[in-house]
Novice: 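My questions all concern the structure below.
Keep in mind it's a predicted model, so treat the numbers as computed, not measured.
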Amino acid sequence: MKKINKLTKQDVEHVAKLARIKISETEKEIYSAQLSSILEYINKLNEVETDKISAATHMSGLKNVMRADKAAECNIQKDLIEAAPEYENNMIKVKAVLKGGKQ
């Protein structure tokens, strides 16, 4: 991995332009130093030998308990429709929600 030593003001200006934010000259200096410090830390982390370490997705070792998603037979549609206050042609009748014409 390429090692980045320090971000310049031009680098910060470029990132600000991509993010569509305006920053002052003072902020460019501050952000240049802060982002460079972050990249230095990342460079240090890249020096750690991790070739023989397996990837971990969860530190506690817990796993999801999953069950098969099976549909259950349910033949109560007719009973539900007949339980409604009003029904017709296998459909439940309700009051109109939208009215046609001008209001």
Novice: Check whether any side-chain N or O of Thr50 sits under 3.5 Å from a backbone N or O of Ile53 as a donor-acceptor pair, and report yes or no.
Specialist: no
Novice: Hydrophobic clusters here meaning ILVMFWY residues chained together by side-chain heavy-atom distances under 4.5 Å, can you tell me if Val48 and Ile42 are in one?
Specialist: no
Novice: What distance do Lys95 atom NZ and Glu86 atom CD have between them, rounded to the nearest 0.5 Å?
Specialist: 9.5 Å
Novice: Distance from Lys6 atom NZ to Leu39 atom CG, nearest 0.5 Å?
Specialist: 12.0 Å
Novice: Locate the shortest heavy-atom distance separating Ile23 from Ala16; write the atom from each residue and the value.
Specialist: CD1-CB, 3.8 Å
Novice: Looking only at heavy atoms, which two atoms of Tyr31 and Val12 are closest? And how far apart?
Specialist: CB-CG1, 3.9 Å
Novice: With rounding to the nearest 0.5 angstrom, report the CD to CD distance, Glu27 to Gln34.
Specialist: 10.0 Å
Novice: Rounded to the nearest 0.5 Å, what separation is found between the OG atom of Ser36 and the CG atom of Asn43?
Specialist: 10.5 Å
Novice: Could you tell me which non-hydrogen atom of Ser32 sits nearest to which non-hydrogen atom of Thr8, and how far apart they are?
Specialist: OG-C, 4.0 Å
Novice: Please name all residues satisfying side-chain hydrogen bond (donor to acceptor under 3.5 Å, both in side chains) with Glu25, sequence neighbours left out, ordered by chain then number.
Specialist: Lys9, Lys28
Novice: Give, for atom NZ of Lys78 and atom CD1 of Ile76, the distance between the pair rounded to the nearest 0.5 Å.
Specialist: 13.5 Å
Novice: Is there a chain of hydrophobic side chains (I, L, V, M, F, W, Y, each step under 4.5 Å between heavy atoms) that links Ile21 to Ile30?
Specialist: yes
Novice: Could you grab the distance from atom CD of Gln77 to atom CD of Glu82, nearest 0.5 Å is fine?
Specialist: 10.5 Å
Novice: Work out which heavy atom in Met91 is nearest to a heavy atom in Ile81; give both atom names and the distance.
Specialist: N-CG2, 4.3 Å
